[in-house]
2 protein chains.
Amino acid sequence: MHRRSRWRSRNRRRREDGSWAVRARVERFGEPALLRLLSERPTHGYELLERLPELLGEERVDVGNLYRVLRALEEDGLVVSEWQAGLPGPTKRTYTLTDDGREALAAWLEALAALRDGLTTFLDDTEKGGDHVR
Amino acid sequence: MHRRSRWRSRNRRRREDGSWAVRARVERFGEPALLRLLSERPTHGYELLERLPELLGEERVDVGNLYRVLRALEEDGLVVSEWQAGLPGPTKRTYTLTDDGREALAAWLEALAALRDGLTTFLDDTEKGGDHVR
DNA sequence: CGAGTCTATATGAAACTTACATATGTTCTT
DNA sequence: AAGAACATATGTAAGTTTCATATAGACTCG
């Protein structure tokens, strides 16, 4: 008869002063971010890990998931990987974007642009009737 | 020894012609959308269900989750509800935005605007180095 | 008035995503 | 030689979205 413990959202939480802190993110944004970095040049996972936070505007990126996403991308043929020894430091697995990956990135960019435009519409419409909000 | 069956993403899939179809969405976007509709006037769930698709630009909204989100919002004090009989049709539960809900909506709008700006930066930067992409 | 449709609110469970914890081995620094 | 940094992973919990199904009153049409 105990109250069913509710799942807490990770996107909205109450600050100590009682106000709301909200974080809005795009689903699976890590994928286009990785494809974009790889579109510049082949890169290994650990370096991607270091360059992602700035691109994402987040403090840190989950290491485990990064490598999982990379292998998923490879399974789908968007990237290929190669072990690279002989360089300073431990052996690295270097990922290279394929043509298919380039197409997927282009598709992502279109979708993200559409999302941005949708957001703009949503925000404008809300402002417009926004005597309710402010 | 069977290959571990991979989780298929719902955001990227291959079309029959081989090209990629990508769908970009904001995490938990249903919540700000509901708050926004409720900021106009008190509304019951079923009507929200009908008005959401246009606002979201999606074909349909999951009925079950709609009601779950509404009750979560109520648990968090962002809305209050009241059963309303005497109207045509089955008894409806009408939700009304609270002051706290209005604040949460405002926080959402800020976060969404920030996300939009971040997307713009991401897209511009990618275009810029975009000899890689096109 | 009976059958079927529409309105209205909900629960259960599977599939997917994100977050947190930990493992393993190499290389570099001091 | 010890410890930090580099590099790549796996396991699992928590949270989110999707798909399926349940329930019941009200309306509509023959």
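Proteins get letters first, then strands, A, B, ... in listed order; numbering begins at 1 in each. Note: hydrogens, waters and symmetry copies are ignored here, and every other heavy atom, side chains too, is used.
In this structure, the CZ atom of B:R10 is 8 Å from the C1' atom of C:dT17, given to the nearest Å. A straight line from NE2 of A:H44 to C1' of D:dA7 spans 7 Å, rounded to a whole angstrom. Atom CZ in B:R12 sits about 13 Å away from atom P in C:dC16, given to the nearest Å. Whole-Å rounding puts the A:N65 CG to C:dC20 P distance at 11 Å. Note: CG (A:L66) to P (D:dA9) measures 10 Å, nearest angstrom. Note: CZ (A:F29) to P (D:dT16) measures 20 Å, nearest angstrom. Rounded to an integer number of Å, the gap from A:K92 NZ to D:dA7 C1' is 7 Å. One atom, CG of B:L87, and another, P of D:dA26, lie 12 Å apart when rounded to the nearest Å.
At a threshold of 4.5 Å between non-hydrogen side-chain atoms, the residues A:E110 and B:V22 do not count as touching. Two residues are said to be in side-chain contact when any heavy atoms from C-beta on lie closer than 4.5 Å; A:Y95 and A:H44 fail this criterion. Looking at B:R93 and B:E82, their side chains never come closer than 4.5 Å, going by heavy atoms from C-beta outward.
Each of B:L49 and A:R60 has a nearest nucleotide on DNA chain C; the 5'-most of these lies closest to B:L49. Projected onto DNA chain D by closest heavy-atom contact, B:R23 and B:P88 fall at different nucleotides, the more 5' of which corresponds to B:R23.
Residue contacts shown for B:G64 include a base, since a base heavy atom lies under 4.0 Å away.
A distance of 10.5 Å separates CH2 in A:W20 from CZ in A:R13, rounded to the nearest 0.5 Å. Taking OH of A:Y46 as the start and OH of A:Y67 as the end, the distance is 8.0 Å to the nearest 0.5 Å.
For A:Y46, the side-chain atoms get nearest to D:dT8 when compared with the rest of D:dT8, C:dA8, C:dT18. Distances from the side chain of A:R93 to the nucleotides C:dT17, C:dT7, D:dA9 place D:dA9 closest. You'll find that the side chain of B:R68 is closest to C:dA13, out of C:dA8, C:dA13, D:dA7. Here the nucleotide nearest the side chain of A:R25, chosen from D:dT10, C:dC28, C:dT18, is C:dT18. Which of D:dC19, C:dT11, C:dC20 sits closest to the side chain of A:D62 comes down to C:dC20.
Contact annotation: B:R71 reaches the phosphate of C:dT11 (side-chain N/O to OP1 or OP2, under 4.0 Å). OP1 or OP2 of C:dT26 has not a single side-chain nitrogen or oxygen of A:T91 nearer than 4.0 Å.
In the interface, the side chain of B:R28 is not paired with the base of D:dG15 through any donor and acceptor atom under 3.5 Å apart.
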